[in-house]
Every structure is written in structure tokens, then in C-alpha cells.
Amino acid sequence: MDAMISRPRYDRLSLGLGRTHLLIIQGSELPLGCLASSVTLDDFDEIWKVVSCSSVLPEPGSAEKQFRSANHLTIALCHRLSSETMGLRVYVVGEESFVWDINAQCRRFGLGNDEIHVFAPYHGARRVRCAHCRAYTTNCQNTIVTCDGCGATLLVRDHFSRFWNAYQGFQIDSEEPGVVPESVAFRS
Amino acid sequence: MIFQSELDLKVARIDVLNETLKRFHLVSAGGEFLPPAPPGSHLTFLLNPRDGEVIKNSYSVVSPTLIRDHYEIVVRKAADSRGGSKFFHEDVKEGNLLKAKAPRSNFSVHSLARKSILIAGGIGITPIISLLDEIKRRRCKVELHVICGQSDRLALEALLADEALAGPNFYEGRNNCSIGKILAGQPLGTHLYICGPFNLMRHVQEVAHELGYPSSNVHIESFGATIGNAFNVKVEGLNKEISVGESESLLETLEREGIEAPFSCRGGACGQCVVRVVEGEVDHRDFFLSDEQRAAGNCMTPCVSRASGRALTIAIK
Amino acid sequence: MTQFKIDETFRDDYTFRNSDGAILRFPFPFEQDDYMYSFNVELHRKGGPTGAYENYFDIDEHYVSECRERALVLLQDPSRCLVLDHMESAEWDTLELIMECLASDYPEHFELHRDPDSWRWINRPLEIEHSFIFGDRSTLPCSPFEYITRQAQGDFLLQDHRNNNLYIDGGMVTSQADWSLEFDVGMSFIEWHAPVPLAHEMGVFESAVNYLMQMEYGIPVRRLNWTMTVNPRLDTSQENYPVWGPDRRTITRQNIGSKLHLRVELQAAWRLPRSNAILFSVRGYLASLDDISRVPKWARRLHRVIKNLHPEIADYKGISGYRDLVTEHMAQFDDGAPTSPGTQPDTKTLI
């Protein structure tokens, strides 16, 4: 399958002009190769991390904050954005569905294309939205999946919606039941 | 109707706002509805101050964008008038007929703005007024800041009276207004709209940039309807040299001169109007020609492209 | 004055038929004997090769039935009309544009009375009379965009123009050729067209988006697009692909003439004044191969176009499964005679 132009391509993060630079990482460490060569972690004013641990506390006033889960971080981020002022830049590193989730939250609070930058170093597994029943099937590894909602055999297209944060799946054997192409693993 | 490109307008009423400002109420000469005036739009008038002389002048429409039965414009009598504002102030009377092109706007309201800050310098308030009207219809938060000379303040305040805006901020002179103070601490999703003297617009742009406003959140209205440079064109086979003005395309000029030229989309996309370039450099602005064709420099789309220099020689197929 | 066929169906028993007059006014899409993607744009002015081009928004004999089919689709799937919140200004722009055009082009069917405070809209074919306040959505039974596009033929899309790009931020899409507005909503123009083969490499969409962004209001433009549809079915949405997809396997030598339809979209783009958005009107027309065969020039040309069509385009349009049958069927109408340039039928009567 040829890559479609709607499928996100990610550039390594570089710092634009801004008053405050906030880096959000899904994980305790920043994977290698996420930052442009001219950028180091010290360039960010704040770093927020999802560390997957129930006992951490985001320390007030600290430049580095730890969160228990993606939801835990998102709640704090929304609270922060509701009173933020112009000049903030947000950078997000993580799985594809995580970075587009954070992106959508930021846009809800008025950040635009130049104010949020996302980078998904591993985007092998896909979140898929069924064109017919609209259910989501998550963590799809291959081009052919069974829809969690209606049970249809879906072909996962390379067509990605930032609005739904999902790839599109449609019933591949609609015309001839049971005629399904070979399932292929996604390249990351 | 919506699909009129040239309008015949009748001056229905003239209000004197102060010594240098007049407001003109214009209705359609035929009595029908006028095309909607987009927010921030201007009318370009084709004026005949003296026999045989045609000048083009653009003035902002200040009436609300929902109104379809008349337009209002405000004209300041300029000290160094090319004739347009002098003509409006001294010669135009109630009942006179004027020709204008349908209103066009270089401004538009950003649909995702969560707050809008409008900054006007002097008579630059005029395109801001209809913009404000559209922003308020969208129930978006808005602030208006007007920087003007002492003598204009009353008149400009009167212009805004209908707007019933909670506290437009007036500053008498640039020195009494800190752009930094206005722009700092504004919420995410703030968009700026600026119209006024070049230096003011430049200054606001710089301050906004320093504070981290992305350039897509800063909207500038440069006055007037200039499309590009003026240049002369010789058409091969016709013993004629024609002049393309700043606010018209080469294709329009050919048509005005009665020279038959093919066209279809009039936007530089379809390639129907391509002509051969015999001599001269071209400023290509189309989406049709390939890079190789541009480099070869022997053809152009007269609907959008212009001369880079002062002259061109072309041949029409 | 158009005589409306008021009880045609576009599903189940498929009673849709074109009258002779409807066939002659069909906007046949092929300018020449072969087809490739191109940027085939022209100004959308009144008048053209057939009657379909006579007015800004074409109303024909299928109007009442198509509006009923749209209402039925919306009952089953309300999200076929979807407009993002920030597009309300564009919704009113659309309502004003369509009402004004219909009232002035078809005064026998539509009337618009604008008093300073309230507007009165009369739609005789659909037996609607309603007074409302322009700009106040509480005075309409639904959103302004849904209200007016329920009363117009064809699909409608709203493109927001911001950040030097276009975004598909709304639409009324009940008769599309195998795509989903709901999935694509919010995409940029280029992302929205991602599934179309070949054209991206050709730079078609980049040119298109740049062209559209410099459009001025009052100067609409148009182009044609086409595909083929089994049965006169309007709702060939991606959402319902499992419902209509099996039909593609039902084409036979015996039924192809009446069952297979050439489907043409007369797409017009309109800059809207206050919102600065761009409205696409996608007016669809269906003609069976039997209908096309009654115009000799069109029959010859359709045979040649399908025979030589690029396989990737045939795949994308879903034609590959029955393409050979079309070529074989249409060959009987192609005597090899030359065809005149342009899409006009070159005849006033049908054979």
C-alpha cells in the first residue's frame, strides 16, 4: 500500500520563537532521535512526563513534573491552558494516538499550527475508526482487522484523521463476502 | 444581486463628520439590493474628476455587513490628494451617480479566534468597523484600540457610536499608547487585526512577534487595492503599446483595449489564456506553468502574471 | 416551467427515470475521446453546452424526489449533515446565496421577501412557507445550512479558509461517490483528497487549493467530475458501502444498459462574503447507458473513454469489475466516426 498524503509525517522537534516552551513526554525518558540536532532538553522551560506510576506527584514550581498516566497529565494540562497567555509553545513526544490526543486538547484552548508540535517516534500500532459503525478498534498491528463494533473485516487505509485521531477502516469484502487480501504488518 | 462586478451607485446622503471627514450613503442606482460587503472591505471607485481623466480610489465600507440596501463610506480629505478625496469632498453632491467595483476585502475574520484585538491608527479605523461588526456577530471576545490625533477623536468616536461597544480605548497620539501593554498577557487563541500607518502596523507586528504571537494570528490591512507594479506591453502584430495599471491584470487591460484574448478560470490555473512572451522578464504568479516553462521565459498567463520590469512584448495565439 | 416527478425512488424499487428532456440537458463530462485528471476549471456563468448549465443552482424534474431521498438518508444517519461550530457565519452566507439564486432564477417556484427585520421564504414544490430572522438560528427549525441544503439538489461542502489553507469544516453529503464527510471533517483540502490516486503526483490538488484560495466572491467557478454507479442510487456513501457494494457484482450483458449509470458531478465553488469560507456545490446527475446511447456522439465517446481509461483511475472509481462489459456493450454504438470537440450533444432529438 502506498503511503497516503493524509498520514502524518513527523519532523524532529526544533524550537520556534516563543515565550515558554513546554515539552510533554509519554514515558520517563525521551527516546533518541526526537530532537533536531540544534536542540537539547535544557532548551525547554518545562518538561512534563507520563511515568506510569501511581505514587508520583507533580511538584508545584518544579521545571520537571511527573504524572501517573496520560489522563492524569491531560487534566493538569487543560487546567493550565485555561489560564495560559499568548506565547506558549507545546511539544509532544509519544505514541501516535497520545500525541494527537494532546494536540486536540491544545487546539480546544486556541493553540494553532505554529504553537504545537508533535513527534511520534513509534507509530506502528494504529487506532482505527470503522467507516460503517464508527466504533474504534485500538492497537491494530496489521492492515486487516476485525471491527470491535460491528464485526466487519476492515481494511485499514493509510487515511488518517487528526480530528478523530484515527485511521480509516472499511469493509474490504463488501462486494464479495469472504474475499479478503493478505494482512500485512504495519511498518513503523 | 451577488454577481455584479461593476456597480452604479447613487449618493443618497452626505454627513459632515468634521472638517476633513465626510460620510457618504450610497444606494444602487437601480434600487435593487447591493452585493454583500465583506468585513473589512473597500469599494474601488472609478472617478471622472475632469473630462477624459479616470482615477481609481478605494474607500472602506463602514456599514454593517448584513445591510444590503446601502453602503456607507468615510472619506478623509487628504492634504496630498491625487484628486480622489478632493473630488469626494468638493464635487460629489447628494443625488450624484458614481461607478465602483463590487466590494472586496483583504481582511477576513479568523474562524478559530477566541479573542480578537483590533488596533486602528487614525482613519485606519474604517475597515476595522465592519470587521468589528462581523466579530461581534460571532460572539467572540473583542477589544478595540484607536490611536488618533486630538482633532479626529470626536469624529471617530461618533463613527463607533452605533457599535455600542463597551469602552473602545482611544489614545491621542502614538506616544500615549503602549502596544506591549495591550498585547501582553492575552489569552491563548488571541488574534490581532491592525490597520493604520505603515510604521504602526510594523511596530505592532514586531511587538507581537517578540511576545510569541505566531504570524498566522496577526492580520494586517494594507490600504488600497494595488495588485502589482504598472508596466507597458507591446502586442506583436498590433501597432499598439498598452499600459497595465497597478490595480489591473494584463488580461483586463487587453480586454479594456478591445484586444481579443482567450481565457477561462481567470486565476492562473487552467492555462487557457497563455500568451507567448517575445521580450521582457515575467513575474510568474500562476499555478499552471511548469518550472521549465518559467525558466524558458517564453510564455505567461496574463490573467495573473506581470512584468518584472517596466515592459513586455507578447504575442497572442 | 419544470414539471416535477414527485414520487421517484433511488433505492429498493428504483423508479428514477430521465425524461427525454432530462437526457438532452445532461452535463456529459468528456470533452474528448480520452480522459485524464486535469484542472478543468472555468467560470461558473449562466449558460453552457446543455441545459444543466442554465442557472447557478440547477433545479430539474427530480427535485422533489431528490429532496425526499435526502430527508430519508438524514433520518437514518443524521451525521450526513455536519458543520463545525466555528462555521456558523458560513452557514448564513450559504442560506442567503442559495435562497437569492433560487428566487431569482425560478420565480415560479421560489420566493424570497426581505423585510428589514424578517425574511419570508416560499418553496412551492416542497410546500414550505417560513418567516425567520436572518442571523438568528432559533427562528429556523434546524441550522441555517441544513435548512437550505435540505431544499437544494446535490451535496454541499464548506471549506474554511485560514492559515493560508482550506479545511473541510462542514457539509451536507447524502449522495456522494464512496467517501465519508464524517470521517474527513476538519481535514485540510490536501488530506481530504489523499485517497485519490495519481493526481497528487501531478500536483493537481496543490494547484487547486492555491487557485481556490485566491477566488473572489461574486465570481464562482465550476468543473465536472464523474464516476459510474450501479442502479440509480444516490446514497453511495462509504458509510453504506456494505449495503450497496454487492450491487457492483450484479452487472450482466443483459441488464447493463438499464442498470449501469454514468454519474456526473457539476462542482461549483463559491467564495462566501462574510465568513470568507468557500462553498462547494456538488450537483449530481445520473444517466443510464441506455440514456447515453440515445445521443450518438456521447455513446461513441463513452465507449472510447472507458476502453482507454487508466487502470488506477478505473480502480479508484470502482469500475474495474465491470469495465470490460461496458466497453463491449458500448462498442455497438461506436461506428468509428469522428466526434466533435466539446461536450454538447450535437442533436435536438434522441434516437
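Below, all heavy atoms of this structure are taken into account, side chains as well, without hydrogens, waters or symmetry copies.
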Show your reasoning for whether side-chain hydrogen bond (donor to acceptor under 3.5 Å, both in side chains) applies to A:H117 and A:D11.
CA-CA 9 Å; A:H117 303 277; A:D11 292 327; over 6 Å; no
Heavy-atom side-chain proximity of C:L84 to C:Y167 below 4.5 angstrom:
no
With sequence neighbours left out, the residues meeting side-chain contact (heavy atoms from CB on, under 4.5 Å) with A:R107 are A:N103, A:N113, A:I116
Between C:S180, C:S188, C:P246, which shows the greatest number of heavy-atom pairs under 4.5 Å with chain A?
C:P246
Quick one: which of A:C130, A:A131, A:G112 has the most heavy-atom pairs under 4.5 Å with chain C, could you say?
A:A131
If one checks every heavy atom of C:W192 against chain A at 4.5 Å, the contacting part turns out to be backbone
Interface moiety of C:D77 toward chain A, non-hydrogen atoms closer than 4.5 Å
side chain
Do A:L35 and A:R12 have side-chain heavy atoms sitting under 4.5 Å apart?
no
